[in-house]
Amino acid sequence: MNWPDLIGELDAWRDEGRTASLWWRDDDAVAPTPALDRLAGLAGEHAVTVGLAVIPALAQPALAAWIGSAPVEVLPHGWQHRNHAGPGEKKAELAGHRQADAVVAELAQGLRRLGEIAGDRLRPVLVPPWNRIGRDLRPALPRLGFRGLSTFGPRPAVEPSPGLRQVNCHVDVVDWRGGRGFVGCDRALASVIAHLAARRARSVDSAEPTGLLTHHAVHEESTWTFLARFMERTRRHPAVRWLAPGEALLR
């Protein structure tokens, strides 16, 4: 897949009179860094608001001032991004490896702490570390004040629990199994096009915006180059609408 393939898919949306909604989530923020500045600069240049998933227990006070001047909305990223899975299991912080009461208390504390740091930029949408969360925890989230949940892959339902709206990401630009570098233009675009085409065909939930997932701290130069080109091409296409995280997740 390459750029003409993406434009062809977007043209199909335009020809059908439909809008291809997109949104952007970036994970693992804890403090202002040059990479985070670069992320904000890229988003600001293209007038896109990023859903910044911040790790509450590790968030530094200096992040508060940075958030106030950046094109971001803040999403709680678990509690401390700590793996509690056993040997041979997939990594997870929130997937049933501990007593639910202890996990719920941490999530409540994290939501409060990010409220102090992010103020009105906070969006009560939980982003589970490693995109995994136990089913038993989901019903508790609205009681804590969460209104949304974001993991990875096409959502199976709009509301995984009453009062909780799910909007996921579908395109990860980092090759976690291949050295944590860029997945490459072909693979990244193939993921974008696959989800857009499935939405258009209604083989997945067509109302779920296509989510771009990034991790600013591990991006190499080719990743930044791809993101700049992706923003440029999508922002100027008439069928595309970039949604702010709150608009995508809480509407």
Over 60° means perpendicular and under 30° means parallel, so tell me whether [X] and [Y] are parallel, tilted or perpendicular.
{"X": "H81", "Y": "W130", "answer": "perpendicular"}
{"X": "F226", "Y": "F182", "answer": "tilted"}
{"X": "F230", "Y": "W242", "answer": "perpendicular"}

Would you check if the side chain of [X] reaches a backbone N or O of [Y] as a donor-acceptor pair within less than 3.5 Å?
{"X": "E93", "Y": "P128", "value": "no"}
{"X": "H216", "Y": "A35", "value": "no"}
{"X": "N2", "Y": "P4", "value": "no"}
{"X": "R199", "Y": "A20", "value": "no"}
{"X": "R123", "Y": "D120", "value": "yes"}
{"X": "R113", "Y": "P56", "value": "yes"}
{"X": "R155", "Y": "Q166", "value": "yes"}
{"X": "H215", "Y": "D27", "value": "no"}

[X] versus [Y], closest heavy-atom pair with distance:
{"X": "P71", "Y": "A43", "value": "CG-CB, 3.9 Å"}
{"X": "L36", "Y": "A31", "value": "CD2-O, 3.5 Å"}
{"X": "S21", "Y": "L243", "value": "CB-CD1, 3.9 Å"}
{"X": "G246", "Y": "E73", "value": "N-OE1, 2.7 Å"}
{"X": "A40", "Y": "A70", "value": "CB-CB, 4.2 Å"}
{"X": "S150", "Y": "C169", "value": "OG-N, 4.4 Å"}

Tell me whether [Y] is reachable from [X] by hopping between hydrophobic residues (I, L, V, M, F, W, Y) whose side-chain heavy atoms are closer than 4.5 Å.
{"X": "L212", "Y": "V72", "value": "yes"}
{"X": "L75", "Y": "V30", "value": "no"}
{"X": "L126", "Y": "V54", "value": "yes"}
{"X": "L111", "Y": "L137", "value": "yes"}
{"X": "V127", "Y": "L58", "value": "no"}

Lys NZ or Arg CZ of R233 over W3 ring: under 6.0 Å, within 45°: yes
To the nearest 0.5 Å, what is the distance between [atom1] on [X] and [atom2] on [Y]?
{"X": "Q109", "Y": "L114", "atom1": "CD", "atom2": "CG", "answer": "10.5 Å"}
{"X": "R187", "Y": "D175", "atom1": "CZ", "atom2": "CG", "answer": "4.5 Å"}
{"X": "H195", "Y": "R200", "atom1": "NE2", "atom2": "CZ", "answer": "13.0 Å"}
{"X": "L6", "Y": "L196", "atom1": "CG", "atom2": "CG", "answer": "7.0 Å"}
{"X": "F152", "Y": "R25", "atom1": "CZ", "atom2": "CZ", "answer": "8.5 Å"}
{"X": "I67", "Y": "I117", "atom1": "CD1", "atom2": "CD1", "answer": "7.0 Å"}

Check against salt bridge (Lys or Arg N to Asp or Glu O under 4.0 Å), E116 and R112: CA-CA 7 Å; E116 296 169 356; R112 289 193 300 270; over 6 Å; no
Less than 4.5 Å apart, any side-chain heavy atom of [X] and any of [Y]?
{"X": "V48", "Y": "W23", "result": "no"}
{"X": "D28", "Y": "V218", "result": "no"}
{"X": "D205", "Y": "P154", "result": "no"}
{"X": "P245", "Y": "V125", "result": "no"}
{"X": "V192", "Y": "E9", "result": "no"}
{"X": "L122", "Y": "P76", "result": "yes"}
{"X": "D172", "Y": "V183", "result": "no"}
{"X": "R165", "Y": "V158", "result": "yes"}

Does [atom1] belonging to [X] count more than 12 external heavy atoms closer than 6.0 Å?
{"X": "R236", "atom1": "CZ", "value": "yes"}
{"X": "R18", "atom1": "CZ", "value": "yes"}
{"X": "R147", "atom1": "CZ", "value": "no"}

Would you sort out whether D37 and W66 count as a side-chain contact (heavy atoms from CB on, under 4.5 Å), showing the intermediate values? CA-CA 9 Å; D37 287 340; W66 185 92; 2.7 Å; yes
Verdict with reasoning, L189 to D5, per side-chain contact (heavy atoms from CB on, under 4.5 Å): CA-CA 8 Å; L189 289 178; D5 301 300; over 6 Å; no
Measuring centre to centre across the rings, with the benzene-like ring taken for any Trp, is H46 within less than 6.0 Å of W24? no
Salt bridge check, E45 against R38: does any charged N sit closer than 4.0 Å to a carboxylate O? no
Hey, mind stepping through V50 and T214 against side-chain contact (heavy atoms from CB on, under 4.5 Å) and telling me if it holds? CA-CA 10 Å; V50 180; T214 61; 5.6 Å; no
